[in-house]
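Both backbone and side-chain heavy atoms feed into the values below; hydrogens, waters and symmetry mates do not.
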Amino acid sequence: MNEQINTIFVCSDSVGETAEAVVRATVRQFDTENVNIRRWAHIKSEEEIRKIMEEAARIGSFVVYTLVLPELREMIRQEAVRLKVFAVDVMGPVMEAFIHTFNFSPKQKPGLLHQLDREYFKRVEAVEFTVKCDDGQDSASWKQADLVLLGVSRTSKTPLSIFLAHKGYKVANYPIVPEVKPPMALSELKDCRFIGLTMRAESLVNIRTERLKAMGLPSGVTYASLERIVEELEYAQSIFRQLGCIVVDVTERAIEETAGTIMEALAFESK
């Protein structure tokens, strides 16, 4: 019998990325995949809130929200009490703490985090660069990279690259294979930082086996064998040493956690 699908509502007077990120981080703490997140963005009126809260009550959901305008926050609180819907204010308590501690008044302008400013365009440029330089492509552009991620197959190079690009880093990534010597273009890079991604061999066996199953291929091929994977990881470590990589073990780590570790290491080096 299938497990019930549980739905969480995310509401915002901006795009809702902050609230959704909090929800997704929370969901990962629970042993379930049957969670659906429904997002409402750019909420402007109390009527919109009333309809959303009534729908949440109807299907047995709870609501996570980031609303800047006090009248909208108050409306969602009132509706939560009226309809007996659990509502979580992500931004409000922090804003109140800021006001009471530092005696500042908020701008009360939705979407300040997502204005089309210089940082926004920097992130867009970084994402475009990272997509272009994924999986060893366009080596002529690598000299523009802030980071180069290296690792064997299935060590999360691509999703991690994209996540870091959204943080403003231009990222290239290169797959390490024992039979293929890394290109000279890597050793010629001067103004970027190399990041070596590794993983416990047993975990990589499981990931590659599941990947083969998803592709309809037999699981007993060399690609997913422990012996082959150990060989690849050892070869990768030799490349990491040659290039002076920051080495990060990604075993059972979320992309966000790995990215945080990398950014912390970069910040420490810059001190």
Side-chain angles (χ1 to χ4, degrees), residues 1-8 10 20-39 127 130-139 147-167 171-183 186 194-240 245-262:
M1 186 173 180
N2 292 333
E3 184 181 343
Q4 178 184 351
I5 299 294
N6 298 295
T7 299
I8 301 171
V10 168
E20 183 167 339
V22 171
V23 170
R24 292 193 181 280
T26 301
V27 170
R28 284 196 294 271
Q29 301 301 315
F30 295 88
D31 187 20
T32 179
E33 296 181 356
N34 293 329
V35 176
N36 178 41
I37 299 174
R38 292 176 61 182
R39 189 201 294 190
V127 171
T130 300
V131 170
K132 182 176 65 173
C133 295
D134 182 42
D135 203 31
Q137 300 180 84
D138 199 6
S139 60
L147 302 172
V148 176
L149 307 187
L150 302 104
V152 302
S153 175
R154 312 312 296 174
T155 49
S156 303
K157 295 184 297 299
T158 295
L160 181 57
S161 296
I162 297 299
F163 187 93
L164 288 166
H166 280 284
K167 299 297 182 181
V171 187
N173 74 73
Y174 181 80
I176 294 179
V177 181
E179 292 77 16
V180 180
K181 185 178 180 180
L186 282 178
F194 294 106
I195 308 295
L197 305 178
T198 189
M199 182 182 288
R200 288 200 299 269
E202 295 77 8
S203 297
L204 198 47
V205 168
N206 294 333
I207 290 172
R208 289 189 179 182
T209 299
E210 290 302 315
R211 176 62 173 168
L212 290 171
K213 288 180 181 177
M215 297 174 65
L217 299 173
S219 59
V221 300
T222 303
Y223 172 76
S225 72
L226 180 60
E227 182 180 3
R228 169 63 181 186
I229 287 172
V230 168
E231 177 191 358
E232 289 185 29
L233 291 173
E234 290 177 348
Y235 177 71
Q237 287 291 344
S238 71
I239 300 299
F240 298 163
C245 295
I246 296 173
V247 180
V248 180
D249 190 330
V250 301
T251 307
E252 296 180 0
R253 275 184 156 182
I255 296 299
E256 297 89 338
E257 184 181 359
T258 303
T261 299
I262 292 171

Polar side-chain atom of Ser225 near backbone of Arg228 as donor-acceptor pair, under 3.5 Å: yes

Minimum side-chain heavy-atom gap Pro182-Ile176 below 4.5 Å: no

From Ile229 atom CD1 to Thr222 atom OG1, the distance as rounded to the nearest 0.5 Å: 10.5 Å

Closest non-hydrogen atom pair between Leu164 and Ala259, with its separation: CD2-CB, 3.9 Å

Approximate separation, where rounding is to 0.5 Å, of Thr130 OG1 and Lys132 NZ: 10.0 Å

Side-chain heavy atoms of Val27 within contact of Ile8, under 4.5 Å: yes

Residues, nucleotides or ligands: over 12 heavy atoms within 6.0 Å of Arg211 CZ: no

Non-hydrogen side-chain atoms of Phe194 and Ile239 separated by less than 4.5 Å: no

Close side-chain approach of Leu233 and Leu204, heavy atoms under 4.5 Å: yes

Distance in Å, Arg253 CZ paired with Ser203 OG, rounded so as to fall on 0.5 Å steps: 13.0 Å

Least distance between heavy atoms, Met199 atom then Asp249 atom: CA-OD1, 3.7 Å

Side-chain touch Asn173/Asp134, heavy atoms, less than 4.5 angstrom: yes

Side-chain heavy atoms of Phe240 within contact of Gln237, under 4.5 Å: yes

Closest non-hydrogen atom pair, Ala201 against Val230: CB-CG2, 4.0 Å

Value rounded to 0.5 Å, distance of OH in Tyr223 from OG1 in Thr209: 9.5 Å

Residue pair Thr198, Thr155: steps toward the side chain to side chain contact (heavy atoms under 4.5 Å, CB included) verdict: CA-CA 7 Å; Thr198 189; Thr155 49; over 6 Å; no

Side-chain donor or acceptor of Thr251 paired with backbone N/O of Arg200 under 3.5 Å: yes

Arg208 vs Glu232, salt bridge (charged side-chain N to carboxylate O under 4.0 Å, His left out): CA-CA, chis, key distance, verdict: CA-CA 13 Å; Arg208 289 189 179 182; Glu232 289 185 29; 2.7 Å; yes

Side chains of Asn34 and Asn6, donor plus acceptor under 3.5 Å: no

Ile246 side chain reached by Ile262 side chain, heavy atoms, under 4.5 Å: no

Contact summary for Leu226 and Glu202, nearest pair of heavy atoms: CD1-N, 4.4 Å

Expected output: side-chain Thr258 to main-chain Ala254 donor-acceptor under 3.5 Å: yes

Steps toward side chain to side chain contact (heavy atoms under 4.5 Å, CB included) verdict (Leu186, Leu150): CA-CA 10 Å; Leu186 282 178; Leu150 302 104; 3.7 Å; yes

Interatomic spacing from CG in Leu197 to OG in Ser161 - rounded to 0.5 Å: 8.0 Å

Spacing of Leu149 atom CG and Cys245 atom SG [to the nearest 0.5 Å]: 9.5 Å

Min side-chain heavy-atom separation Glu256-Arg28 under 4.5 Å: yes

Closest approach of Ala224 to Ser219 (non-hydrogen atoms, all atoms of both residues): CB-O, 3.9 Å

